[in-house]
Student: 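Okay, here's the structure, questions in a sec.
What's counted below: heavy atoms across the whole structure, side chains too, no hydrogens, waters or symmetry copies. Not measured: the values here are computed from a predicted model.
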Amino acid sequence: MWPIIMNAVRAYAPYLVLPIAAGVGFIGYNFETLVSDRYTPYRDSVVERREERRLEEVGEQTESIKEHKFVPKTIFEKNVSPGLRKD
């Protein structure tokens, strides 16, 4: 008798599991709705925050534009690692 029941369960597994999964999902969704806080505070966009941070960094590191320290004298000074810089 058990082999017949197991074959029937194996054949009709999707029809048995789908309603159970739907019920569990429905209950979980409603439980999460009751428990969770849906308020999300407003924050500036990532692009705006990045631009503000970069402006602050530039404000701290401003050099005289007349000195042109940001322009490399040779191509070898263009992408020098921080350990090899001569500052």
Student: Hey, could you give me each pair passing side chain to side chain donor-acceptor pair (under 3.5 Å) that has a residue in residues 10-19? Not counting sequence neighbours.
Tutor: N7-R10

Student: Who else is in the cluster with L34 when I, L, V, M, F, W and Y are joined by side-chain contacts under 4.5 Å?
Tutor: none

Student: Once side chain to side chain donor-acceptor pair (under 3.5 Å) is applied, what residue pairs with a partner in residues 41-50 remain, sequence neighbours excluded?
Tutor: none

Student: Search all heavy atoms of P14 against all heavy atoms of P19 and return the closest pair with its distance.
Tutor: O-CD, 4.4 Å

Student: Listed by chain and number, what are the side-chain contact (heavy atoms from CB on, under 4.5 Å) partners of F26, not counting sequence neighbours?
Tutor: N30

